[in-house]
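Here is how names work: the chains are called A, B, and so on, in the same order as the sequence lines, proteins then strands, and each is numbered from 1. Only heavy atoms go into these numbers, but all of them, side chains included; no hydrogens, no water, no symmetry mates.
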Amino acid sequence: MTGSADFSSLERPVLEAAPLLLGALLRHDGVTVRITEVEAYGGADDPGSHAAGGLTPRSRVMFGPAGRLYVFLSYGTNFCANVVTGPEGSASAVLLRGGEVVDGLDVAKRRRGTKVEKELTRGPGKLCSALNIRLKENRADLSAGPVFLELGEPIDPELVSSGPRVGLTNGADLPWRFWITGDPTVSAYRPAKTARRS
DNA sequence: CTCGTGATTCACT
DNA sequence: GTGAATCACGAGG
(Lines give C-alpha, C1' and ligand atoms only; values in the text may rest on other atoms or scores of the structure.)
Protein backbone atom coordinates (compact mmCIF):
# COMPACT_ATOMS: atom_id res chain seq x y z
CA MET A 1 0.00 0.00 0.00
CA THR A 2 1.62 3.22 -1.09
CA GLY A 3 -0.12 6.43 -0.13
CA SER A 4 -2.03 7.17 3.03
CA ALA A 5 -5.46 5.61 3.12
CA ASP A 6 -8.43 7.94 3.33
CA PHE A 7 -10.69 7.06 6.24
CA SER A 8 -12.56 10.37 6.29
CA SER A 9 -15.73 8.52 5.27
CA LEU A 10 -15.61 6.76 8.65
CA GLU A 11 -15.73 10.02 10.53
CA ARG A 12 -19.49 10.02 10.81
CA PRO A 13 -22.06 8.52 13.17
CA VAL A 14 -21.33 4.86 13.71
CA LEU A 15 -24.62 3.66 12.24
CA GLU A 16 -23.68 5.35 8.98
CA ALA A 17 -20.06 4.24 9.09
CA ALA A 18 -20.72 0.57 9.89
CA PRO A 19 -22.27 -0.43 6.51
CA LEU A 20 -19.33 1.22 4.73
CA LEU A 21 -17.07 -1.49 6.15
CA LEU A 22 -19.02 -4.22 4.39
CA GLY A 23 -16.99 -5.33 1.39
CA ALA A 24 -13.84 -3.65 2.70
CA LEU A 25 -10.58 -5.58 2.69
CA LEU A 26 -8.63 -6.25 5.89
CA ARG A 27 -5.08 -7.50 5.52
CA HIS A 28 -2.61 -8.82 8.05
CA ASP A 29 0.25 -11.29 8.13
CA GLY A 30 -0.31 -12.85 4.72
CA VAL A 31 -4.10 -13.13 4.79
CA THR A 32 -6.71 -10.79 3.27
CA VAL A 33 -10.37 -10.91 4.27
CA ARG A 34 -13.39 -9.25 2.66
CA ILE A 35 -15.71 -8.09 5.44
CA THR A 36 -19.28 -9.41 5.20
CA GLU A 37 -20.73 -8.84 8.66
CA VAL A 38 -20.26 -6.05 11.22
CA GLU A 39 -21.77 -4.75 14.44
CA ALA A 40 -21.87 -1.13 15.60
CA TYR A 41 -20.97 0.00 19.10
CA GLY A 42 -21.56 3.51 20.37
CA GLY A 43 -20.50 5.56 23.35
CA ALA A 44 -22.13 6.34 26.67
CA ASP A 45 -25.61 5.91 25.17
CA ASP A 46 -24.87 2.32 24.28
CA PRO A 47 -25.08 -0.06 27.26
CA GLY A 48 -23.30 -2.80 25.32
CA SER A 49 -20.27 -0.72 24.42
CA HIS A 50 -16.95 -1.04 26.19
CA ALA A 51 -16.97 2.75 26.28
CA ALA A 52 -20.24 2.83 28.23
CA GLY A 53 -18.41 3.20 31.52
CA GLY A 54 -16.46 6.19 30.31
CA LEU A 55 -12.83 6.48 29.39
CA THR A 56 -10.61 3.69 30.71
CA PRO A 57 -7.19 2.55 29.57
CA ARG A 58 -8.84 -0.15 27.49
CA SER A 59 -11.55 1.96 25.88
CA ARG A 60 -9.31 4.92 25.21
CA VAL A 61 -8.65 3.94 21.60
CA MET A 62 -12.40 4.10 20.92
CA PHE A 63 -12.34 7.79 21.81
CA GLY A 64 -9.60 8.46 19.31
CA PRO A 65 -9.66 9.18 15.59
CA ALA A 66 -11.32 6.88 13.05
CA GLY A 67 -9.32 4.26 11.22
CA ARG A 68 -7.61 2.62 14.17
CA LEU A 69 -7.90 -1.01 15.26
CA TYR A 70 -9.38 -1.96 18.62
CA VAL A 71 -8.63 -5.52 19.74
CA PHE A 72 -9.82 -7.15 22.95
CA LEU A 73 -9.79 -10.62 24.43
CA SER A 74 -13.13 -12.26 25.09
CA TYR A 75 -13.75 -15.19 27.39
CA GLY A 76 -10.05 -15.80 27.76
CA THR A 77 -9.60 -17.47 24.41
CA ASN A 78 -10.94 -15.32 21.60
CA PHE A 79 -9.73 -12.06 20.18
CA CYS A 80 -12.19 -9.65 18.60
CA ALA A 81 -11.24 -6.88 16.17
CA ASN A 82 -13.04 -3.56 15.80
CA VAL A 83 -12.53 -0.57 13.54
CA VAL A 84 -12.77 2.76 15.36
CA THR A 85 -15.17 5.15 13.63
CA GLY A 86 -16.66 8.55 14.18
CA PRO A 87 -15.00 11.89 14.82
CA GLU A 88 -12.49 12.05 17.63
CA GLY A 89 -14.29 11.95 20.97
CA SER A 90 -17.32 9.98 19.81
CA ALA A 91 -16.13 6.68 21.32
CA SER A 92 -17.57 4.38 18.70
CA ALA A 93 -16.28 1.27 16.99
CA VAL A 94 -17.46 -1.43 14.61
CA LEU A 95 -16.93 -5.09 15.48
CA LEU A 96 -15.91 -7.29 12.56
CA ARG A 97 -17.99 -10.44 12.89
CA GLY A 98 -17.57 -12.25 9.61
CA GLY A 99 -15.74 -12.26 6.31
CA GLU A 100 -14.49 -14.17 3.34
CA VAL A 101 -10.83 -15.06 2.79
CA VAL A 102 -9.78 -13.63 -0.59
CA ASP A 103 -6.02 -14.09 -0.24
CA GLY A 104 -3.73 -16.34 1.79
CA LEU A 105 -6.26 -19.16 1.86
CA ASP A 106 -3.68 -21.82 2.63
CA VAL A 107 -2.26 -19.82 5.53
CA ALA A 108 -5.72 -19.20 6.94
CA LYS A 109 -6.68 -22.87 6.73
CA ARG A 110 -3.50 -23.88 8.50
CA ARG A 111 -4.05 -21.35 11.29
CA ARG A 112 -7.68 -22.33 11.82
CA GLY A 113 -7.12 -26.04 11.47
CA THR A 114 -10.03 -26.56 9.11
CA LYS A 115 -10.48 -26.78 5.37
CA VAL A 116 -14.10 -25.66 5.34
CA GLU A 117 -13.78 -22.20 3.83
CA LYS A 118 -16.89 -20.65 5.29
CA GLU A 119 -15.80 -21.79 8.77
CA LEU A 120 -12.51 -19.89 8.55
CA THR A 121 -13.91 -16.47 9.43
CA ARG A 122 -17.50 -17.05 10.52
CA GLY A 123 -17.45 -15.27 13.88
CA PRO A 124 -15.28 -12.55 15.38
CA GLY A 125 -12.86 -14.85 17.19
CA LYS A 126 -12.37 -17.04 14.13
CA LEU A 127 -11.80 -14.02 11.94
CA CYS A 128 -9.03 -12.77 14.22
CA SER A 129 -7.50 -16.21 14.36
CA ALA A 130 -7.40 -16.50 10.57
CA LEU A 131 -5.77 -13.07 10.34
CA ASN A 132 -3.48 -13.75 13.30
CA ILE A 133 -4.68 -10.60 15.06
CA ARG A 134 -3.82 -10.58 18.75
CA LEU A 135 -3.74 -8.06 21.58
CA LYS A 136 -0.41 -6.93 20.18
CA GLU A 137 -2.21 -5.45 17.19
CA ASN A 138 -4.46 -3.29 19.39
CA ARG A 139 -4.46 0.39 18.40
CA ALA A 140 -2.80 -0.25 15.05
CA ASP A 141 -3.22 2.56 12.55
CA LEU A 142 -5.05 0.87 9.68
CA SER A 143 -3.36 3.09 7.12
CA ALA A 144 0.14 2.44 8.47
CA GLY A 145 0.01 -1.21 9.53
CA PRO A 146 0.79 -3.82 10.55
CA VAL A 147 -2.92 -4.35 9.96
CA PHE A 148 -4.28 -2.63 6.86
CA LEU A 149 -7.81 -1.68 5.89
CA GLU A 150 -8.82 -0.87 2.34
CA LEU A 151 -12.26 0.62 1.78
CA GLY A 152 -13.76 -0.28 -1.57
CA GLU A 153 -16.83 1.00 -3.31
CA PRO A 154 -19.75 1.08 -0.85
CA ILE A 155 -22.00 -1.97 -1.06
CA ASP A 156 -25.41 -1.42 -2.69
CA PRO A 157 -27.74 -0.68 0.25
CA GLU A 158 -30.27 -3.10 -1.21
CA LEU A 159 -27.84 -5.94 -0.53
CA VAL A 160 -27.40 -5.01 3.12
CA SER A 161 -29.55 -6.45 5.91
CA SER A 162 -29.67 -5.28 9.51
CA GLY A 163 -30.84 -6.79 12.75
CA PRO A 164 -30.20 -7.10 16.49
CA ARG A 165 -26.72 -7.58 17.87
CA VAL A 166 -25.44 -10.95 18.97
CA GLY A 167 -24.43 -12.34 22.31
CA LEU A 168 -24.64 -9.21 24.42
CA THR A 169 -26.05 -9.01 27.90
CA ASN A 170 -27.13 -5.41 27.48
CA GLY A 171 -28.54 -3.52 24.53
CA ALA A 172 -28.93 -6.62 22.39
CA ASP A 173 -32.26 -5.42 21.03
CA LEU A 174 -30.81 -2.53 19.09
CA PRO A 175 -30.68 -3.22 15.32
CA TRP A 176 -27.03 -2.36 15.03
CA ARG A 177 -25.80 -5.42 13.16
CA PHE A 178 -25.25 -5.26 9.42
CA TRP A 179 -24.44 -7.99 6.94
CA ILE A 180 -24.39 -8.71 3.23
CA THR A 181 -27.69 -10.42 2.48
CA GLY A 182 -27.37 -14.12 1.82
CA ASP A 183 -23.62 -14.31 2.31
CA PRO A 184 -22.62 -17.79 3.55
CA THR A 185 -19.87 -16.44 5.81
CA VAL A 186 -22.28 -14.52 8.05
CA SER A 187 -22.20 -15.94 11.57
CA ALA A 188 -25.19 -17.74 13.03
CA TYR A 189 -27.43 -15.69 15.25
CA ARG A 190 -26.90 -16.46 18.88
CA PRO A 191 -29.45 -15.14 21.38
CA ALA A 192 -28.01 -12.87 24.02
CA LYS A 193 -26.84 -14.52 27.21
CA THR A 194 -26.87 -18.25 27.62
CA ALA A 195 -29.55 -18.24 30.28
CA ARG A 196 -28.07 -19.71 33.39
CA ARG A 197 -30.63 -21.54 35.49
CA SER A 198 -30.51 -21.24 39.24
C1' DC B 1 -25.81 -28.28 26.46
C1' DT B 2 -21.00 -27.31 29.15
C1' DC B 3 -16.61 -25.58 29.96
C1' DG B 4 -12.10 -23.38 29.27
C1' DT B 5 -9.55 -19.03 29.35
C1' DG B 6 -7.19 -14.49 30.74
C1' DA B 7 -7.53 -9.26 30.33
C1' DT B 8 -9.92 -5.78 32.50
C1' DT B 9 -12.45 -3.38 36.00
C1' DC B 10 -14.10 -2.49 40.49
C1' DA B 11 -14.64 -2.88 45.42
C1' DC B 12 -11.99 -3.23 49.02
C1' DT B 13 -7.63 -2.58 52.00
C1' DG C 1 -1.65 -3.34 46.90
C1' DT C 2 -5.31 -7.93 46.43
C1' DG C 3 -9.24 -10.78 44.82
C1' DA C 4 -13.71 -11.57 42.52
C1' DA C 5 -16.94 -10.81 38.86
C1' DT C 6 -17.55 -10.01 34.23
C1' DC C 7 -17.17 -10.94 29.28
C1' DA C 8 -19.12 -8.35 22.13
C1' DC C 9 -16.84 -16.63 21.98
C1' DG C 10 -15.44 -21.24 20.25
C1' DA C 11 -14.90 -26.15 20.63
C1' DG C 12 -16.61 -30.31 21.79
C1' DG C 13 -20.37 -33.77 23.33
Seminar exercise, completed: From CG of A/Asn78 across to P of B/dG4 the rounded distance in Å is 15 Å

Exercise. What pattern of brackets, bars and dots sums up DNA chain C from 5' to 3', given Watson-Crick or G-U wobble pairs under 3.5 Å, [ ] for crossing pairs and | for another strand?
Worked result: |||||||.||||.

Problem set entry | Distance, rounded to the nearest Å, where A/Leu73 contributes CG and C/dA8 contributes P | 13 Å

Exercise. What's the verdict on side chain to side chain contact (heavy atoms under 4.5 Å, CB included) for A/Asn138 and A/Leu69, showing C-alpha distance, side-chain angles and the deciding distance?
Worked result: CA-CA 6 Å; A/Asn138 192 20; A/Leu69 191 69; 5.9 Å; no

Problem set entry | A/Glu39 bridged to A/Arg97 by N-O distance under 4.0 Å | yes

For this session: Send over the distance from A/Phe72 CZ to C/dT6 C1', rounded to a whole Å.
Result: 13 Å

Exercise. Rounded to the Å, how far apart are A/Arg122 CZ and C/dA8 C1'?
Worked result: 18 Å

Review item, nucleotides 8-10 of chain B N/O atoms under 3.5 Å of protein N/O:
unit_1: B/dT9; atom_1: OP1; unit_2: A/Thr56; atom_2: OG1; d: 2.5
unit_1: B/dT9; atom_1: OP1; unit_2: A/Arg58; atom_2: N; d: 3.4

Exercise. Within the structure shown, what part of the strands sits under 4.0 Å from A/Arg134 by heavy-atom distance: base, sugar-phosphate, or nothing?
Worked result: nothing

For this session: Answer with yes or no after comparing the ring centroid distance for A/His50 and A/Phe72 against a 6.0 Å cut-off, counting only values under it.
Result: yes

Exercise. Side-chain N or O of A/Arg177 less than 4.0 angstrom from OP1 or OP2 on C/dA8?
Worked result: no

For this session: Go through B/dT5, C/dA11, C/dA8 for me and flag the one nearest to the A/Lys126 side chain.
Result: C/dA11

Exercise. In whole angstrom, what separates A/Phe79's CZ from C/dA11's P?
Worked result: 14 Å

Exercise. Between atom CG in A/Leu127 and atom P in C/dA8, what is the gap in whole Å?
Worked result: 18 Å

Exercise. Should A/Arg177 and A/Ser162 be marked as a side chain to side chain contact (heavy atoms under 4.5 Å, CB included) after you check the CA-CA gap, both sets of side-chain angles, and the distance that decides it?
Worked result: CA-CA 5 Å; A/Arg177 176 175 172 240; A/Ser162 66; over 6 Å; no

Exercise. Is there ring stacking between A/Tyr41 and C/dA8, where the centres must be under 5.5 angstrom apart and the planes under 30 degrees?
Worked result: yes

Exercise. How would you list, by chain and number, every residue that makes a salt bridge (charged side-chain N to carboxylate O under 4.0 Å, His left out) with A/Glu11, sequence neighbours excluded?
Worked result: none

Exercise. To the nearest angstrom, how far is A/Tyr75 atom OH from C/dA11 atom P?
Worked result: 15 Å

For this session: Please state whether the base of B/dG4 and the side chain of A/Thr77 form at least one donor-acceptor pair under 3.5 Å?
Result: yes

Exercise. In terms of side-chain geometry, is the basic nitrogen of A/Asp29 or A/Arg111 positioned less than 4.0 Å from the acidic oxygen of its partner?
Worked result: yes

Exercise. Which is it for A/Glu117 and A/Leu105 under the side chain to side chain contact (heavy atoms under 4.5 Å, CB included) test, yes or no, and what are the steps along the way?
Worked result: CA-CA 8 Å; A/Glu117 289 193 22; A/Leu105 197 52; 3.5 Å; yes

Problem set entry | Nearest-0.5 Å distance, CG of residue A/Leu151 to CG of residue A/Asp6 | 8.0 Å

Exercise. Of the non-hydrogen atoms in A/Glu16 and A/Pro19, which two are nearest, and what is the gap between them?
Worked result: O-CD, 3.4 Å

